[in-house]
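Here is the structure we will look at, set down as structure tokens.
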Number of protein chains: 2
Amino acid sequence: MAVAPTAVEDYVKVIYTHTEWQPEHITTGLLAARLGLAASSVTEMVKKLVAQGLAIHEPYGAIELTPDGTALALRMVRRHRLIETWLVQHVGYGWDEVHDEAEVLEHAMSDKLLDALDAQLGHPSRDPHGDPIPAADGSLHRPQAVLVTDAPSGGVVVRISDRDPVLLRHLEAEGIVVDAVIDRARCDALAVEARASIWVAAT
Amino acid sequence: MAVAPTAVEDYVKVIYTHTEWQPEHITTGLLAARLGLAASSVTEMVKKLVAQGLAIHEPYGAIELTPDGTALALRMVRRHRLIETWLVQHVGYGWDEVHDEAEVLEHAMSDKLLDALDAQLGHPSRDPHGDPIPAADGSLHRPQAVLVTDAPSGGVVVRISDRDPVLLRHLEAEGIVVDAVIDRARCDALAVEARASIWVAAT
DNA sequence: GCTAAGGTTTCGGTATGCCGAAATCGCCGT
DNA sequence: ACGGCGATTTCGGCATACCGAAACCTTAGC
């Protein structure tokens with residue numbers, strides 16, 4: 001029973017999402033940290049991505065996705081976010097509990113099942129954290145947004161990183177969810193980690 | 001990202017289901033055929049099952065599950081059948097389309113998600129093919145049944161093997177589904193493969 | 001301009017799980 | 001009782017994907 005190449009899918013997904021909201025390039029070291037792997041493992045795997053035409057990488061340089069790599073990444077991002085949305089809306093999960101489950105299921109569900117869930121959900125355009133869900137053809141709409149760190153006077157919450165469940169529970173208890181409005185006082189009260197996780201609409 | 005030991009799970013599941021409706025012991029060769037693997041691969045893997053205390057196997061002899069092996073098998077069978085039931089009842093799959101999808105998802109869903117789907121379905125006791133769904137504690141009720149091959153006068157259909165989608169579509173078109181009643185004439189009209197796939201209530 | 005620190009790559013090694021070919025076993029038929 | 005045949009196991013090999021240690025680059029600081 002051949003195991004699907006879930007590793008490649010995870011790599012391109014992380015490379016893609018790293019530059020989704022902030023235009024920074026990613027290195028093998030950063031990728032390793034995000035994936036929880038040793039740097040040497042990542043260097044090796046990135047070579048395979050390059051060999052497959054999914055990524056571009058000069059030794060000691062930044063990693064970028066090719067059009068093929070971006071397409072695969074968008075496919076995985078779509079899967080991940082559709083599954084998160086389904087878990088929250090149809091299964092009763094809290095938005096802080098969906099990440100790990102989606103991380104596994106995104107590699108396991110068939111396109112057919114994904115499409116069925118997408119239809120049941122009414123083809124949502126964003127997930128519970130405010131991240132845009134790419135359409136099946138790879139197109140997506142991402143609102144202009146800036147980190148609260150860079151917008152201390154607040155605004156409409158557009159997106160909250162799903163990386164830290166504890167933070168998510170805390171923010172929800174404070175009423176800080178997608179589409180909520182936060183003012184300057186609210187911003188000032190936020191911890192540093194929180195500020196680095198919340199995006200508000202760009203003015 | 002370490003891959004879960006899905007191979008072990010598949011092996012014990014197949015060993016278990018092989019003796020579920022007919023009390024025949026299974027050999028490495030049969031197991032290999034069911035899993036679509038080379039015989040040598042299966043011999044090796046069975047050694048690992050024995051080393052892990054999941055199976056009993058004397059070289060050149062039959063394979064049996066230990067209590068631990070049976071428990072793991074029941075867990076996987078429960079997962080497989082709950083997922084099949086969910087796909088049919090909540091996602092709109094046909095009963096002939098669920099097998100492959102469940103085969104993958106049974107290794108990917110968390111216990112938490114499984115329990116949530118189980119609750120949504122009202123804790124079903126059998127899947128769309130009539131196979132009993134083990135409870136979370138491993139208990140299950142299996143009706144007394146015999147192959148149509150051995151009951152030419154017919155009876156109430158209790159179970160239909162899910163192994164051949166084409167056959168399933170054909171049978172459904174004929175009105176042969178779980179709980180249907182088939183008489184002697186109906187039985188006589190069945191092809192040999194069909195007879196080997198349909199169980200009726202034992203008299 | 002050079003060096004040292006820190007990030008990156010190379011290298012040898014591990015674990016899993018699969019395969020084909022060759023060796024081996026068990027048992028049936030005579 | 002034994003020869004053979006089919007089933008089973010052993011053996012060497014392969015692919016994936018991971019790791020730690022050592023070698024290697026790059027660049028920031030002086």
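Everything quoted here is computed from the prediction, not taken from an experiment. Numbered from 1 within each chain, the chains take letters A, B, ... in sequence-line order.
- At a cut-off of 3.5 Å, with distance as the only test, a side-chain donor of E84(B) or H129(B) sits close to an acceptor on the other residue.
- With hydrogens and angles ignored, a donor-acceptor pair under 3.5 angstrom links the side chain of S40(B) to the base of dG20(C).
- Between E9(B) and H107(B), the side chains place a donor N or O and an acceptor N or O closer than 3.5 Å (distance only, hydrogens not considered).
- Counting to the nearest Å, the P atom of dC25(C) and the CD atom of E58(B) are 15 Å from each other.
- At dA15(D), none of the side-chain N or O atoms of K48(A) fall inside 4.0 Å of OP1 or OP2 (strictly under the cut-off).
- A distance of 12.0 Å separates CG in D115(A) from CD in Q120(A), rounded to the nearest 0.5 Å.
- Close placement of the H80(B) and H99(B) rings is indicated, their centers lying within 6.0 Å of each other.
- dA17(D) atom C1' lies 12 Å from atom CG of L35(A), rounded to whole Å.
- I63(B) places its CD1 atom 8 Å from the P atom of dT9(D), with the value rounded to the nearest Å.
- Here the nucleotide nearest the side chain of M45(B), chosen from dA17(D), dC18(C), dC18(D), is dC18(C).
- Distances from the side chain of Y11(A) to the nucleotides dT8(D), dG17(C), dC18(D) place dC18(D) closest.
- In this structure, Y60(A) places its OH atom 17 Å from C1' of dA28(D), rounding to the nearest Å.
- S41(B) comes within contact range of at least one nucleobase, with a heavy-atom separation under 4.0 Å.
- Of the candidate nucleotides dA17(D), dG17(C), dT10(D), dG17(C) has the atom nearest to the side chain of P5(B).
- Contact annotation: H57(A) does not reach the phosphate of dT8(C) (side-chain N/O to OP1 or OP2, under 4.0 Å).
- Rounded to whole Å, atom P of dT14(C) lies 15 Å from atom CD of E44(A).
- A salt bridge is defined here as a Lys NZ or Arg NE, NH1 or NH2 lying under 4.0 Å from an Asp or Glu carboxylate O, and R81(B) with E106(B) fails to meet this definition.
- Following rounding to the nearest Å, L49(A) (CG) and dC18(D) (P) show an atom-to-atom distance of 11 Å.
- The distance from atom NE2 of H107(B) to atom P of dT16(C) is 17 Å, rounded to the nearest whole Å.
- Taking atom CG on L37(B) and atom P on dT8(D), their separation rounds to 15 Å, with Å as the unit.
- Where G29(B) and V8(A) each meet DNA chain D at their nearest nucleotide, the meeting point lying more 5' is that of G29(B).
- Comparing dA17(D), dT9(C), dT10(D) by their nearest atom to the side chain of A39(A) picks out dT9(C).
- In terms of phosphate contacts, T28(B) brings a side-chain nitrogen or oxygen within less than 4.0 Å of OP1 or OP2 of dT9(D).
- Using a 4.0 Å heavy-atom criterion, one finds that A38(A) contacts the sugar-phosphate atoms exclusively.
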